[in-house]
Student: 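Let me begin by handing over the structure; questions about it come next.
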Amino acid sequence: DGGITQSPKYLFRKEGQNVTLSCEQNLNHDAMYWYRQDPGQGLRLIYYSQIVNDFQKGDIAEGYSVSREKKESFPLTVTSAQKNPTAFYLCASSGQGANEQFFGPGTRLTVL
Amino acid sequence: KQEVTQIPAALSVPEGENLVLNCSFTDSAIYNLQWFRQDPGKGLTSLLLIQSSQREQTSGRLNASLDKSSGRSTLYIAASQPGDSATYLCAVHPWMEYGNKLVFGAGTILRVKS
């Protein structure tokens, strides 16, 4: 089955910890994205990558970091510098250019 | 800066009713507009993608229209069913933005009562 997988489904973080969210796709898409969703709000873009070894900050990149070492993978690290990380995190991918985006099932992160 | 607004924020209808969800955007310079469905606690499912040169797209009971000059799109759902209950999100891809960056509305929560 082609698609996007995210793990874990639920993640709990203690204050001061860094945590990494996984995103893998087998759609052979060049572009990948990370979004954050808070209750009652639309999705906000954290980081995106158009090609391997290249990525750009989105609208709310502070306190987050990413890497893009493989075409299939785009992990997101939520660092201790992110003061309000409790949210639903969604990964997406698309072909190059203005193409349809496809989303993974999401990871819910909660700070204890 | 592009902003996307969806009205109403929530909608409750009886089964079988035809309904319209609205999406408006402030800047008409867009590549395309995409409608998504989101079930509680789940990811987004792409429903329809309308390119800026198109007026509408249809998939089954769904029809999405685009009026770029007025900054509006509508999602029409025919003969609604309880299984249509979900949050519906629209997103636009602004023109001249590097990368396929989408700007999302906050969504319309739809409940179809049986």
Student: Is Gln38(B) close to Leu90(A) at the side-chain level, that is, under 4.5 Å between some pair of heavy atoms?
Tutor: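 Side-chain contact under 4.5 Å: yes.
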
Student: Taking everything shown except Arg111(B) itself, do over 12 heavy atoms lie less than 6.0 Å from its CZ?
Tutor: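 For Arg111(B), atom CZ is not crowded (no more than 12 foreign heavy atoms under 6.0 Å).
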
Student: Would Val78(A) and Ile60(A) show up in the same hydrophobic cluster when neighbours are defined by side-chain heavy atoms closer than 4.5 Å?
Tutor: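 Linked within one cluster.
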
Student: Spell out, yes or no, whether Leu11(A) and Phe74(A) are grouped together once hydrophobic residues are joined by side-chain heavy atoms under 4.5 Å, including indirect joins.
Tutor: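 Cluster IDs for Leu11(A) and Phe74(A) match.
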
Student: Which pair of non-hydrogen atoms, one from Gln101(A) and one from Gln34(B), has the smallest distance, and what is that distance?
Tutor: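 Looking at all heavy atoms of both residues, the closest pair is O-NE2, 3.2 Å.
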
Student: For Arg72(B), does the CZ atom have more than 12 heavy-atom neighbours from other residues, nucleotides or ligands under 6.0 Å away?
Tutor: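 No, because the 6.0 Å sphere around CZ of Arg72(B) holds 12 heavy atoms or fewer from other groups.
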
Student: Is there a continuous path of hydrophobic side-chain contacts, each under 4.5 Å between heavy atoms, that joins Ile30(B) to Val4(B)?
Tutor: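 Same cluster.
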
Student: Looking at Cys91(A), Ala92(A), Pro105(A), which one has more heavy-atom pairs under 4.5 Å with chain B than the rest?
Tutor: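 Looking at each of Cys91(A), Ala92(A), Pro105(A) in turn, Pro105(A) comes out on top.
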
Student: Is there a side-chain contact between Leu102(B) and Leu43(A), using heavy atoms and a 4.5 Å cut-off?
Tutor: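 Leu102(B) does not reach Leu43(A) side chain to side chain.
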
Student: Could you grab the distance from atom CD of Glu100(A) to atom NE2 of His93(B), nearest 0.5 Å is fine?
Tutor: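 Result: 13.5 Å between the selected atoms.
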
Student: In this structure, would Leu21(B) and Leu33(B) fall into the same cluster of hydrophobic residues linked by side-chain contacts under 4.5 Å?
Tutor: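 Per the 4.5 Å side-chain linkage, Leu21(B) and Leu33(B) are co-clustered.
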
Student: Could you look at Gln37(A) and say if it's the side chain, the backbone, both or neither that has a heavy atom under 4.5 Å from chain B?
Tutor: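 Only the side chain of Gln37(A) comes within 4.5 Å of chain B.
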
Student: Is Leu89(B) close to chain A through its backbone or its side chain, or both, or neither, when contacts mean heavy atoms under 4.5 Å?
Tutor: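 Contact with chain A is through the side chain of Leu89(B) alone.
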
Student: Find the distance between NZ (Lys42(B)) and NZ (Lys9(A)) and round it off to the nearest 0.5 Å.
Tutor: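 Nearest 0.5 Å value for the NZ-NZ distance: 4.0 Å.
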
